[in-house]
Amino acid sequence: MYVIVVYDAAPKRGVKLMKFLRQHLNWVQNSVFEGELTESGFENLKHGIKDIINDKKDSVIYYRFDSQNYHYRGIIGVEKNEIDSFI
């Protein structure tokens, strides 16, 4: 499956979350990550996120897709982290 994760977390937890997500997904920009995961990888990702965040103060949104096949991915402004698979 293809996953996009976006988050808003307090600075200390945000840094921990960023380091954790970089181990599993591709960093796209600031608090946005995306990439391919297996079902078990996705479950591990969710558990890891829950261990890091404060669910009363932080927010993590994820989108699941059957594949990376979407119609178009556009950028307005600066590409923060170019990923070769999108070219």
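One is the number of the first residue; the rest follow in order along the sequence. Values below: every heavy atom of this structure, side chains too, minus hydrogens, waters and symmetry copies.
- Lys57 NZ to Asp8 CG: the interatomic distance, rounded to the nearest 0.5 Å, is 13.0 Å.
- Counting heavy atoms from C-beta outward, Tyr7 and Ile49 have side chains that stay 4.5 Å or more apart.
- Rounding to the nearest 0.5 Å places NZ of Lys12 at 8.0 Å from NZ of Lys16.
- Expressed to the nearest 0.5 Å, how far CG of Asn44 lies from CD of Gln23 amounts to 12.0 Å.
- Closest of all the heavy-atom pairs between Leu37 and His24 is CD2-O, 3.7 Å.
- With rounding to the nearest 0.5 angstrom, the CG atom of Asn26 is 10.0 Å from the CD atom of Glu36.
- In the hydrophobic cluster analysis, where Ile, Leu, Val, Met, Phe, Trp and Tyr join through side-chain heavy atoms closer than 4.5 angstrom, Val6 is grouped apart from Val15.
- Proximity of a side-chain donor or acceptor of Asp55 to a complementary backbone N or O of Lys50 within less than 3.5 Å is not detected.
- The shortest distance between side-chain heavy atoms of Leu25 and Ile4 does not fall below 4.5 Å.
- Across all non-hydrogen atoms, the minimal contact from Glu39 to Arg64 is OE1-NH2, 3.4 Å.
- Each of Phe33, Phe20, Tyr62 was checked for a side chain to side chain contact (heavy atoms under 4.5 Å, CB included) with Leu45, and the lone residue meeting it is Phe20.
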